[in-house]
Each structure stands twice: as C-alpha cells, then as structure tokens.
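Ligands are counted one by one from 1 in listed order, and the atoms in each one are counted from 1 as well.
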Amino acid sequence: MQKTFYIHTYGCQMNVHESEQLAGMLSKRGFIPTDKPENCDIMVFNTCCVRETAETKILGNLGIAKKMKENKPDMIIAVCGCMAQKEGNAQMLKKRCPFINIIFGTHNLSQFGEYLDSFDNKRIIDIWDKEKEIVENIPVLRSSGVNGWVNIMYGCNNFCSYCIVPYVRGRERSRDPKQIISEVKNLVNEGYKEITLLGQNVNSYGAGSDTNFASLLSSLAEIDGKFRLKFMTSHPKDLSEDVVKVIASSEKLADYIHLPVQAGSDRILSMMNRKYTQKQYLDTIDMIRKYIPHVGLSSDIMVGFPTETEEDYLETEKVVKTVGFNNLFTFIYSRRSGTPADKMEQIPYAIKQARIKRLIDLQFEIGNKQASDCVGKTFEVICEEWKDGIAKGKSSCEKAITFESKDNVYGKFVNVEITKSKNNQLIGKIKE
Ligand code: SAH
Ligand code: SF4
Ligand code: F3S
C-alpha cells in the first residue's frame, strides 16, 4: 500500500504555496495525499507565527497529533515554517514535544526531501540562521484549483515595528525573471486560469538589479493564452505609477490591488514604521483610480496597536469610509517578542476587541452598499467551483459571484450579470 501524507498549513499564501512544494517533495518520493490525518504516515505542520493566535492553534493541533501518533507509533511528524524558524522555538518544541521527528525552518524548506531520505528514526532538528541562494526547481504538487501561485521574491526588509516576518523570513531576494516567466508560461499551458504572484513586498521586486516589478508585469502580460494575473502584497510606500499603468493597460492583469494600510492615524503609522502618512496613502488610492476607475481594492488593518487612542482609531475608520474597500482583513494587534512594538505601551484587550467589532460592522455596511450597487452590472468571471448546477467565481476586480449554470463551467471565463445581492454576496446569471 502506498504511504500517505497530510499537511497542516497555517498563515499566508506564501505558506500555502510552500506546502504545495512540501507536497511535491513528498510525492516525488512516492507518498500520496490523504484527507484522513489520523491514518497518515507523515504529518507536516507548515507553521505561522504572525500572531499569537496562530501559535496557540498550532500548539493545540500538535497535541491532537500526539494522540494520533499514540495509535500509530510509526507516524512521522515534521514541523517547519515561520514558527519553527522563530528564535528559541525549535528548542522549545524539541523539549516540549518529543513526538516530533523533524524540525526545520523557512530557509531550508528545500532540504525536506533529504531529511526524509536520511530519516532513520533519529530526530532531525535543523534551523539555518540566515537565508541562502534561492533554490529553483523544487517539485510542486499544486492544490489550489484554477489558481497557480508563483513566488517572485522572498523575505522582507521593511521591519514594520509590530511584525515578526522579517525575522523569520530573512532579507529580500528576488527570483530571476526568466525563471518566473517560464513558470508562468508552463502554468498557462497546463490550463491554470489565474496566476497569483507572491512576495511580502512585490513592489521591491528586482531591487539592486536592472529589472523591476513594472517590467516583470509587462513581460508576463505578453504571455499568450487567456489567463488572469494578480499579485500580493504591495506596500503602499512604494507602489509606483508605472505598476498601475501596466495594470491599466493590460487585459490580463486583474483590476485589483491589495494595499494594506494597517492604520489611519499618522502618529500610529509612524510608530509602526510604515513610512507613509494617511494623506500619502489616500493620494496613492486616487492615483490608482485615475488609471483604473473600476479597480477593486482590499486592505489589511490592525486595531489596538500600542498607545492607540479613540482619536487614532477614528482616523482608521475615516480611511475605510473614504476608500470604500471591496474587502478588509482585520486583525487585533498581537505582541511579538523581539519586535520594537512589544516594548511599547500596550492597551487593554477589551478596547482592542471593541474596536475590531466596530471596524468589522463598518466594513459590512460598506460591503452591502457596494454589493447592491453591482446589481445590473456584468462581470467576466473565472469559475472556480461548480457543483450541481451552482457555480462560484471571481471577477477581475475580485468580486466573489455565485451563479447558476447547467453546464459544468469550471475553469472557464463566463460573463455573469448580477441579478441580486444578499448582504455582501453577489448572485447572478450567465449572460449569453
Ligand atoms: N507583507 C505583507 C503582510 C504580511 S503579514 C504586508 O506588508 O502587507 C499579513 C498581515 O498580518 C499584515 O498586513 C498585518 O496587518 C498583520 N500583522 C502582522 N503582524 C501582526 C501583529 N503583530 N499583530 C496583528 N496583526 C499583524
Ligand atoms: Fe511585515 Fe511590514 Fe514586512 Fe509586511 S512589509 S512582512 S507587515 S515587516
Ligand atoms: Fe505567517 Fe510566515 Fe506568512 S509568519 S503570515 S506564514 S510569512
């Protein structure tokens, strides 16, 4: 019988894609994926440590894995990714969780296959303290439907004062454009309809070389075939007019930008080390809308940053009302040891909770209004799901739309007219 694996993935899209690489390395060695973790031969935890909640959840699930392993003692448990990379954690896991067999970090993900090959029941604990050259040609077992993830750069140099990512992902380094173009071409030829470029700050792609993000996007937009190209994440401090112009001028680039603002108050933005003011952020939004009037915008926002007052919070609400985002990803600030914000004056949890609730309610109202404004409009949708005559997909401006279709239109581009909206949801019918 073939040996099986199960991967728990936490955190951002970068991790989702890296789990596809872990799966690729496993599959190359004859393992097959299973949806029954209790029976698997290898269980991998690809972890995140961006907020405390992520770490707590992972520790809880490791406890469940320990129980599963009691019934299946030869199960191999591996823990990798950002939480394993964070200083002190590998030692903590080594001591507290003797049932974990393999621990490795973010810089040595490509070594996973070798750890498996050399595994002889002795524990392998290998954390590299620094990033090395980018490793190309890691096998990938993709599992994100019509979407293909493509990493264009690794690491982050921004050191926002609250964020652990630069400490666990190392310094910025960009992939060679030739490698990226060839990967995207292959994906399009294989039938992927949506390509999402990944990086912590895609706008600094190519820094220090003779290429940049705008020129990478232009080259990718020239690839033949019908597909849609998106990217994440853009840092507002350096989203250039050139990038926006490329998006505006190309059919293939989605009319959508995820531009995390984090907060509205200039005092908080400065303490966060974000390097822009509220006005600069709003000017960037105006610039985007000048070139792409129907652009879909989304953002990440954090409430409860150290010292945040009611007035500061209201500045965040002001930005949310002024911009009118399609979608908001809202977070309660979480202390991360080793970051500058951890040493700042913290505010009570109850205040953070009350603020996030207000923010979510505000965005819900905005989303409702935006959804009802869409009724009667037609969008070109990539169908991402089809079952029993009901299809789901997204427009170029990232609106999620549900529609009826007798035919299986999975993976197809279809024109859908919005017939009604229900809260934030859009419902439509195929326009012949
Ligand atoms: N590189 C991306 C974001 C990476 S982390 C960017 O700069 O936009 C994803 C989101 O998690 C961030 O945008 C931020 O809103 C949130 N985040 C990061 N650190 C956090 C912390 N300590 N507490 C709460 N949320 C955090
Ligand atoms: Fe974290 Fe800031 Fe880097 Fe994003 S840009 S990963 S929020 S340090
Ligand atoms: Fe988490 Fe690492 Fe991504 S900390 S958000 S998985 S880069």
Side-chain angles (χ1 to χ4, degrees), residues 8-19 22 45-58 79-87 89 105-107 109 131 149 151-172 197-205 207 231-239 257-264 268-269 271-276 281 297-306 308 316 325 327-344 346-347 349 352-353 355-356 359:
H8 293 271
T9 305
Y10 305 87
C12 60
Q13 282 78 7
M14 191 84 72
N15 261 19
V16 171
H17 181 44
E18 285 177 350
S19 284
L22 295 164
F45 285 80
N46 188 14
T47 62
C48 170
C49 56
V50 77
R51 284 169 288 275
E52 194 184 352
T53 44
E55 291 193 296
T56 313
K57 195 162 147 198
I58 293 163
V79 178
C80 64
C82 295
M83 181 183 169
Q85 183 71 41
K86 194 171 147 215
E87 208 184 341
N89 272 352
T106 55
H107 303 318
L109 175 114
E131 66 281 356
W149 307 105
N151 242 318
I152 63 164
M153 59 182 302
Y154 299 87
C156 179
N157 291 353
N158 289 313
F159 289 94
C160 301
S161 65
Y162 49 81
C163 184
I164 196 74
V165 173
Y167 303 87
V168 293
R169 287 278 175 175
R171 297 295 64 75
E172 283 176 1
L197 308 178
L198 297 175
Q200 293 300 347
N201 178 17
V202 289
N203 296 309
S204 42
Y205 173 78
F231 55 85
M232 63 192 320
T233 298
S234 261
H235 195 302
K237 78 176 160 55
D238 43 25
L239 174 67
I257 302 183
H258 178 62
L259 200 64
V261 64
Q262 310 297 356
I268 297 291
L269 285 170
M271 287 175 76
M272 287 178 162
N273 193 29
R274 289 292 287 181
K275 301 201 168 70
Y276 53 83
Y281 183 87
L297 295 164
S298 62
S299 200
D300 292 349
I301 293 191
M302 209 184 295
V303 297
F305 187 80
E308 185 187 69
T316 297
F325 295 105
N327 205 354
L328 263 194
F329 300 88
T330 51
F331 307 105
I332 288 183
Y333 165 74
S334 167
R335 292 177 82 164
R336 302 287 68 203
S337 64
T339 61
D342 185 40
K343 300 192 183 66
M344 298 175 187
Q346 306 294 319
I347 66 165
Y349 191 72
K352 300 187 194 183
Q353 257 183 328
R355 284 186 189 151
I356 200 162
L359 191 60

Inset, instruction - With Y162 as reference, evaluate M272, R336, M344 under the side chain to side chain contact (heavy atoms under 4.5 Å, CB included) test and give the passing residue. - result: M272
Inset, instruction - Of the side chain and backbone of C82, name the one, both, or neither that has a heavy atom under 4.0 Å from an atom of ligand 3. - result: side chain
Inset, instruction - Heavy-atom contacts with Y333 under 4.0 Å: which atoms of ligand 1 show up? List them by number with element. - result: 23 (N), 24 (C)
Inset, instruction - Please state which part of T339 comes within less than 4.0 Å of ligand 1, counting heavy atoms only: side chain, backbone, both or neither. - result: neither
Inset, instruction - Enumerate the atoms of ligand 1 whose separation from the nearest heavy atom of I332 is less than 4.0 angstrom. - result: 23 (N), 24 (C)
Inset, instruction - Output, by chain and residue number, all protein N/O/S atoms separated from atom 3 (Fe) of ligand 2 by less than 2.8 Å. - result: C156 SG
Inset, instruction - Please verify whether a non-hydrogen atom of Q262 lies at under 4.0 Å from ligand 1. - result: yes
Inset, instruction - Distance to 0.1 Å, residue and atom name: give those for the protein heavy atom nearest to atom 6 (C) of ligand 1. - result: T233 CG2, 3.8 Å
Legend entry - Any R169 heavy atom less than 4.0 Å to ligand 3: yes
Inset, instruction - Please confirm whether the backbone N or O of F159 pairs with a side-chain atom of N273, one donor and one acceptor, at under 3.5 Å? - result: yes
Legend entry - 4.0 Å heavy-atom contact, I164 with ligand 1: no
Inset, instruction - Considering the heavy atoms of D300, write down every atom of ligand 1 situated less than 4.0 Å from one of them. - result: 9 (C), 10 (C), 12 (C), 13 (O), 15 (O)
Legend entry - Over 12 non-hydrogen atoms of neighbours within 6.0 angstrom of NZ in K57: no
Inset, instruction - Could you see which bit of M83 sits under 4.0 Å from ligand 3, with heavy atoms only: side chain, backbone, both or neither? - result: neither
Inset, instruction - For ligand 1, indicate whether the residue Y162 contacts it via side chain, backbone, both or neither (heavy-atom separation under 4.0 Å). - result: both
Inset, instruction - List every atom of ligand 1 that sits less than 4.0 Å from any heavy atom of R336, numbering the atoms from 1 in the order shown and giving each element. - result: 22 (N)
Inset, instruction - Report yes or no: do D300 and H258 form a side-chain donor-acceptor pair below 3.5 Å? - result: yes
Legend entry - Nearest-neighbour protein heavy atom for atom 22 (N) of ligand 1, which is reported as residue plus atom name and distance: S334 O, 2.9 Å
Inset, instruction - Answer yes or no as to whether an N/O/S atom of C48 is found below 2.8 Å from atom 2 (Fe) of ligand 3. - result: no
Legend entry - atom 16 (C) of ligand 1 - nearest protein heavy atom and its distance: R51 NH1, 3.2 Å
Inset, instruction - Just need the protein heavy atom nearest to atom 5 (S) of ligand 1, so name the residue and atom and give the distance. - result: V50 CG2, 4.0 Å
Legend entry - Q353 atom CD, neighbour heavy-atom count above 12 within 6.0 Å: yes
Inset, instruction - Note the single closest protein heavy atom to atom 7 (S) of ligand 2, along with its residue, its atom name and the distance in Å. - result: Y162 OH, 3.4 Å
Legend entry - Residue and atom name of the nearest protein heavy atom (relative to atom 8 (O) of ligand 1), distance in Å to one decimal: P260 CG, 3.0 Å
Inset, instruction - Can you see which heavy atom on R274 is nearest to which on P260, and at what distance? - result: NH2-O, 3.0 Å
Inset, instruction - Check each atom of ligand 2 against the heavy atoms of R274 and keep those under 4.0 Å away; list them by number with element. - result: 2 (Fe), 7 (S)
Legend entry - R274 touching ligand 1 at heavy-atom level, < 4.0 angstrom: yes
Legend entry - Side chain, backbone, both or neither: the part of Q200 lying under 4.0 Å from ligand 1 by heavy atom: both
